[in-house]
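Predicted model only: the values in this text are computed from it and were never measured.
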Amino acid sequence: MQNQSIISGNQSHRGPNKSPLAIVKPDTSTGAEWWRGAVIYQIYPRSFLDTNGDGIGDLPGIVEKLDYVASLGVDGIWLSPFFTSPMSDFGYDVSDYCDVDPVFGVMADFDRLVEKAHALGLKVVIDQVYSHSSDQHSWFQESKQSRDNPKNDWYVWADAEADGSPPNNWLSVFGGPGWSWDPGREQYYFHNFLPSQPDLNAHNPEVQEAILDTARFWLDRGVDGFRLDALNFLMHDPQLRDNPPVRDPKSTLPFDCQDHVFNKSHADIIGFLERLRAMMDEYPDTFTVAEIGGEYSVQEMQDYTSGDNRLNTAYGFQFLESDELTPAVIRSSIERWDPTDGVTGWPSWAFSNHDRPRAVSRWGTENAGPEFAKMLVTLLACLRGCAFLYQGEELGLPQGKVPYEQLVDPEGINNWPNHLDRDGTRTPMPWNNSECFAGFSANAPWLPIDARHMLLAVETQEPDTGSVLNYTRAFLTKRQSMHALKQGNLDFIDTPAPLLAFDRTHNGQTLRCVFNLSPDQQAFTISTEGLVVWATDGAEKTGPLPAYGCMILEVTE
């Protein structure tokens with residue numbers, strides 16, 4: 001065991017478990033922007049709760065469970081797409097940006113959702129997919145008709161090479177070429193994702209204005225912010241130059257063998273973001289968070305959030321794509337964000353989401369148990385930035401097992417067996433273990449429910465004072481009063497792995513956070529006077545830090 005002198009205290013407090021549905025409203029007493037340091041709960045609507053028996057989650061189901069969400073102590077919700085869509089990519093192929101797909105309900109359901117969320121003190125953030133639309137969208141249907149119609153330049157069109165091949169070597173994230181031939185226009189159109197997801201030409205000012213109109217539509221309906229999907233895919237190189245190869249690709253997938261400097265990440269994206277921010281500022285207290293992937297994501301996250309005229313925050317895939325959880329992984333990501341330089345923006349972090357395998361399975365072992373899940377929730381919410389908690393993380397759900405014959409995700413099917421297993425992270429939310437489909441639906445759901453999830457259902461964890469669910473509620477509720485965790489600077493303390501320690505400091509308060517990232521207990525010695533304001537079971541000021549244990553100390557010296 002390592003022996004490290006980093007923490008001490010004179011009192012231990014774990015906080016009482018909340019009653020099952022005690023509503024926890026966010027603390028707004030500091031006057032800071034609501035989103036700074038917020039914990040936002042991501043809801044994947046297809047998999048949250050089905051109220052009409054078709055096997056697919058819907059907006060009325062979300063409304064029904066908003067009390068549950070509010071009881072967790074989070075600040076808001078992020079809804080993955082619920083817009084009209086042929087569902088080739090399960091809502092990320094939008095055919096009408098300003099309507100609700102019938103599978104999820106009607107607009108009145110969304111209005112009820114916003115009204116109830118706000119009554120519970122929850123902010124509502126929704127997805128916006130600006131880089132591409134569905135090929136069934138009326139814009140694309142018009143654009144493909146001819147080369148001289150009013151929307152002919154709303155998408156990325158190009159002539160074939162002399163031999164009939166695509167205009168360049170750009171590839172699709174989901175596999176295959178990034179170009180598809182349209183026989184009507186006798187041109188290729190570009191798609192970073194599926195052929196049914198043609199890329200919008202956001203260089204076109206008319207397209208930008210249409211996007212801003214979409215944003216206004218939802219802001220006028222009361223939403224509090226947007227999560228901007230695949231934002232660095234918004235603009236391409238107008239010269240259509242070939243992407244160069246990568247010398248040492250991270251995988252054998254063809255897409256990973258190119259350096260994606262021309263099919264995305266164009267410098268003009270920043271100008272559009274400044275237009276978007278100016279419009280958002282017309283709606284007080286609204287919020288923008290960008291999804292940024294790729295090799296240059298950290299720099300782009302900072303570029304897109306620097307100053308006060310761009311986005312509020314952004315998140316990347318540093319943790320979502322990491323195969324291990326180590327102090328070095330945490331430090332290498334956090335230390336890139338310097339709060340003292342006057343330029344670097346505010347980051348956001350996620351350990352799991354609808355696109356990547358769940359962290360409990362990705363980073364843990366089969367025997368990690370609930371203490372690992374508790375530690376992950378605590379660590380995520382202690383990092384400087386906004387925290388995105390994916391539905392089921394508060395239950396400690398492992399990655400769902402979905403057999404090949406039941407896969408529905410096009411990316412997973414195309415890349416089998418070396419796929420990202422997005423279906424396994426999107427399986428339905430288990431509400432109880434007394435019904436066939438875990439209380440999610442009266443009928444067979446769109447994805448199967450893992451039998452292990454039934455044992456971790458909400459109804460099962462509610463009466464268990466030591467459950468991951470009740471731990472999450474207690475910690476996030478306590479965190480509402482820990483202003484240093486929400487807004488403070490972060491300074492790492494040098495400790496040998498697998499211990500991770502850092503201070504969060506704000507307005508004279510310093511909270512020292514210590515984590516054991518390993519399945520073995522780690523020793524430490526007392527060196528600092530202070531009050532232990534939070535600790536997981538078995539973590540005592542005079543003893544070793546247990547497996548996956550953590551403590552938070554308010555430093556008084």
Side-chain angles (χ1 to χ4, degrees), residues 15 24-41 72-78 121-123 125 224-225 227 277 280-281 284-290 301-302 304-315 319 330-331 333-351 377-389 472 474-493 500-515 530-531 533-534 550-556:
V24 182
K25 291 197 174 183
D27 179 7
T28 59
S29 63
T30 65
E33 302 99 326
W34 68 265
W35 51 266
R36 195 173 293 274
V39 176
I40 299 176
Y41 185 84
L72 298 176
V74 299
D75 300 278
I77 58 174
W78 152 30
L122 297 171
K123 301 293 185 180
V125 176
D224 301 289
R227 179 260 189 187
R277 175 60 182 271
M280 296 289 292
D281 284 346
D285 299 322
T286 54
F287 163 73
T288 48
V289 54
M301 288 164 65
Q302 294 176 348
Y304 293 177
T305 60
S306 65
D308 58 4
N309 65 338
R310 297 177 186 174
L311 303 181
N312 298 120
T313 183
Y315 78 88
F319 299 142
I330 298 296
R331 292 190 67 157
S333 296
I334 301 297
E335 288 182 330
R336 299 275 305 263
W337 294 80
D338 182 1
T340 66
D341 65 7
V343 177
T344 303
W346 185 262
S348 288
W349 308 108
F351 289 167
V377 169
T378 313
L379 175 58
L380 177 65
C382 284
L383 299 178
R384 177 179 177 270
C386 302
F388 285 87
L389 189 72
T472 300
F475 175 66
L476 294 184
T477 299
K478 177 70 175 177
R479 182 182 180 273
Q480 289 288 354
S481 63
M482 295 179 173
H483 298 150
L485 291 188
K486 301 185 76 170
Q487 302 168 41
N489 290 340
L490 187 152
D491 296 293
F492 286 100
I493 300 170
L500 172 71
F502 52 82
D503 286 345
R504 298 295 309 278
T505 305
H506 179 71
N507 282 349
Q509 180 188 55
T510 296
L511 296 178
R512 181 157 297 174
C513 307
V514 187
F515 298 86
L531 173 70
V533 295
W534 192 265
C550 54
M551 298 182 75
I552 301 175
L553 172 77
E554 184 169 9
V555 178
T556 57

Taking all atoms of both residues into account, what is the closest heavy-atom pair of [X] and [Y], and its distance?
X	Y	answer
L490	C382	CD1-O, 4.3 Å
W337	G345	CE3-O, 3.2 Å
L389	V39	CB-CG1, 4.4 Å
D503	R512	OD1-NE, 2.8 Å
A381	A387	CA-CB, 4.4 Å
G76	L122	N-CD2, 4.1 Å

ask   = Are any non-hydrogen side-chain atoms of L485 and I552 less than 4.5 angstrom apart?
value = yes
To the nearest 0.5 Å, what is the distance between [atom1] on [X] and [atom2] on [Y]?
X	Y	atom1	atom2	result
C513	F502	SG	CZ	4.5 Å
D75	R479	CG	CZ	7.0 Å
T505	R384	OG1	CZ	12.0 Å
L553	L531	CG	CG	7.5 Å
N312	Y304	CG	OH	16.0 Å
M301	L311	CE	CG	11.0 Å

Keeping [X] on the side-chain end and [Y] on the backbone end, is there a donor-acceptor pair under 3.5 Å?
X	Y	answer
R504	L383	yes
W34	D285	yes
R310	T305	no
Q302	R336	yes
T286	M280	yes
Q480	G73	yes

inquiry  = F492 vs I330, test: side chain to side chain contact (heavy atoms under 4.5 Å, CB included). Steps then yes/no.
reply    = CA-CA 10 Å; F492 286 100; I330 298 296; 4.1 Å; yes
key: CA sep, side-chain torsions, deciding dist, call: R227, Y315, side chain to side chain contact (heavy atoms under 4.5 Å, CB included)   = CA-CA 10 Å; R227 179 260 189 187; Y315 78 88; 2.9 Å; yes
message = Ring-plane angle category for F388 and W78, please: parallel below 30°, perpendicular beyond 60°, tilted otherwise.
response = perpendicular
inquiry  = Classify the ring geometry of W349 against F319: parallel below 30°, tilted from 30° to 60°, perpendicular beyond 60°.
reply    = tilted
ask   = Stepwise, does the side chain to side chain contact (heavy atoms under 4.5 Å, CB included) test hold for E33 with F287?
value = CA-CA 9 Å; E33 302 99 326; F287 163 73; over 6 Å; no
task = For F351 and L379, run side chain to side chain contact (heavy atoms under 4.5 Å, CB included): C-alpha distance rounded to whole Å, both residues' side-chain angles, the deciding distance at 0.1 Å, then the answer.
result = CA-CA 10 Å; F351 289 167; L379 175 58; 4.1 Å; yes
